[in-house]
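Just dropping this structure here.
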2 protein chains.
Amino acid sequence: MLELRHLRTLIALRDAGSLVEAAERVHLTQSALSHQIKDLEERLGSPLFLRKTRPVEFTRAGTRLLALAEQVLPQVRMAERDLARLAGNEQGRLHMAIECHSCFQWLMPTIDHFRDHWPEVEIDIPGGHHFDPLPALAREHLDLVITADPQPLAGVHYEPLFRYEGLLAVARQHRLAGRPFVTPVDLTEETLITYPVEHARLDVFTQFLDPAGVKPREVRTAELTIMMMQLVASGRGVCALPNWALTEYLERDYVKAVSLGAEGVWSTLFAAIREETRELPWMEDFLRTARETSFAVLEGIKPA
Amino acid sequence: MLELRHLRTLIALRDAGSLVEAAERVHLTQSALSHQIKDLEERLGSPLFLRKTRPVEFTRAGTRLLALAEQVLPQVRMAERDLARLAGNEQGRLHMAIECHSCFQWLMPTIDHFRDHWPEVEIDIPGGHHFDPLPALAREHLDLVITADPQPLAGVHYEPLFRYEGLLAVARQHRLAGRPFVTPVDLTEETLITYPVEHARLDVFTQFLDPAGVKPREVRTAELTIMMMQLVASGRGVCALPNWALTEYLERDYVKAVSLGAEGVWSTLFAAIREETRELPWMEDFLRTARETSFAVLEGIKPA
DNA sequence: CCAAGAACATGAGTTATTGTCATGATGAAC
DNA sequence: GTTCATCATGACAATAACTCATGTTCTTGG
């Protein structure tokens, strides 16, 4: 019998383009999905997609089921929201701080969407504070903080949103451009441009250079991503940024990007919230929406 | 995670009014439904219906889910039909015979509905034949026969549709009216009116009188249900008919009905089809539609 | 053309879910 | 208060779903 599970899988498969990645998205193994879909296909009596193309190509039957999924799943989500609301806990406050530069790209659509569904939750990004946001979260001045480096703090829970790769942006004609990846020593002769934050919060150092005991020739800072890009493009340095922050510059062929090490440097972005707000229906919904939106908006990220 | 299974259960529950009967309809035990719904309620954080009323009363959360089910399940069924059609086997023939007098009540809506969804299947009830329909089925002159007494026949499969109770219709002022049930000997002094078919095909005899070795004082026949009702109402005899064939007369208080024996005499109505047509998608759909329609239209019947 | 990598399939075995059976509790009807 | 029907519950069983390990196929780059 057809179940929602199958529809969710198919949507993931379409968005991902391959079984392997779809499996990641629904937090199952590739094998599980293979079995699941095979079962379904047998019961329906026809294949749902062609596996030998990349991305996978859906058959007519597959397309029909996808259409069903597109129709049905939003209705189900809406009902679930209503139920959550009926279950109580409706009004609340969601004041946020964003530690991660350039997160607005996916955060704004998330907030818009959320506002429509939870009008009774006061959502805001209070500006102007320059205190440390995580203690402010614990002290209930804030309700959610987007951060890439979780610090153990009583009563604070870190909910992983997604993983992203830190890439090294270099000028188009740079000697490192075109390499499959760079090694730490490759940076000994470079000027590294970073955001003006503590050394310990920069993954290039903590995960890449420091373990190898390497220092770049020079380190300078810039406030905004666009400024960094200008410096990089004009050959005055290189900088490490999340892959998704770079995509727009890469598409315009403004700079080139290289992985840091053979495996790449991967970090996880977290939403820090207070333990007691963790199970509030609207909080769960916000996090779910945030994840959905970021996957829809950003490229090259992976489920946590 | 919410699944279609849950929605199907809730619809059954609403239609049935109690867990026990809903369980019959979805072919599970009452216990299974109790567990299933309890799980769901726990995950949602609120009860879905009140058990202490008859029929069960849905809470706001329950009503919301029912609305979802009403919205989603038809969409799913439609998709399934499309898929079945895509899977091939689209055109076919469905010529039927109805052995059971007064089945048209639920058969007509079924046919109408079916015609809309399977325009490529030629559906008909050829009139005029007076040969025995079951051999005609085997010989492929017919494709489906509605009958209440299946006979072993090579290549013919009997698909149970629903069970119904054979009731004894008596005049309003009859001495047996108002009894909880009648015993075989109660009929020794009665005139029994039957359809003009073989003795062996009448459940009153095979399941009730014959086992007790009892014969009614007189047996006479009538062609049409309405004629039987007139004879019964005027006190010129009693007759045994399916409960659902009687409802309209009972509602108008034209006659009274009594069960045959403490347990009642229950029979099953079957759709006889040829083995090889059993898995055709449109045949499966026709049978499903037939069952659905009869449950919606008839009262007092039970799943087979 | 071969080696290496990536992606999907498959079979066996495990786990988790979902159901059944037997029984108990509760409430309504007589 | 007894009886009857319905629903709940706990222990167990069946089944469905998933993972692991491995095999197959196709693509890519030397």
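So that the names make sense, note that chain A is the first sequence line, chain B the second, and so on, each numbered from 1.
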Requested in this report: Round to the nearest Å and state the distance from A:Arg5 atom CZ to C:dA16 atom P.
Outcome: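 Taking CZ of A:Arg5 and P of C:dA16, I get 16 Å after rounding.
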Query raised in the report: Does some side-chain heavy atom of A:Glu292 sit less than 4.5 Å from a side-chain heavy atom of A:Arg77?
Result: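 Heavy-atom side-chain distance check passes, below 4.5 Å.
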Query raised in the report: Taking any atom under 4.0 angstrom from a heavy atom of chain A, which nucleotides of DNA chain D are the first and last to qualify, 5' to 3'?
Result: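 Result: D:dA17 to D:dC26.
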Query raised in the report: Are A:His157 and A:Glu276 linked by a side-chain donor-acceptor pair shorter than 3.5 Å?
Result: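 Looking only at side-chain atoms, A:Glu276 and A:His157 do not form any donor-acceptor pair under 3.5 Å.
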Query raised in the report: In whole angstrom, what separates A:Leu28's CG from C:dA16's P?
Result: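 Checked: the CG to P distance equals 14 Å.
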Requested in this report: Could you tell me whether A:Glu284 and A:Arg81 make a salt bridge, using a distance below 4.0 angstrom between a side-chain N and a carboxylate O?
Outcome: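 So A:Glu284 does not pair with A:Arg81 through a salt bridge.
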**Report entry** Residue pair A:Trp244 / A:Gln105, side-chain heavy-atom distance below 4.5 Å
**Finding:**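 Result yes, sub-4.5 Å side-chain heavy-atom pair found.
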Query - Distance in angstrom units between A:Met1 CE and C:dT18 C1', rounded - result: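 So the CE-C1' distance, A:Met1 to C:dT18, works out to 16 Å.
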Query raised in the report: Does B:Arg288 make a cation-pi contact with B:Phe286, if we ask for NZ or CZ under 6.0 Å from the ring centre and within 45° of the axis?
Result: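 Not flagged: B:Arg288 not positioned over aromatic ring of B:Phe286.
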**Report entry** Quiz item: cation-pi between B:Arg179 and B:Phe181, 6.0 Å / 45°
**Finding:**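 Output no; distance or angle outside limits.
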Query raised in the report: So, A:Ser46 versus A:Glu41: side-chain donor-acceptor pair below 3.5 Å or not?
Result: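 Absent: no donor and acceptor within the cut-off.
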**Report entry** Salt-bridge criterion met for B:Arg14 and B:Glu70 (N-O under 4.0 Å)
**Finding:**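 Salt bridge present between B:Arg14 and B:Glu70.
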Report summary line: In B/S/- notation (B base, S sugar-phosphate only, - none; protein heavy atoms under 4.0 Å), nucleotides 1-14 of chain C written 5' to 3' is ------SBBBBB--
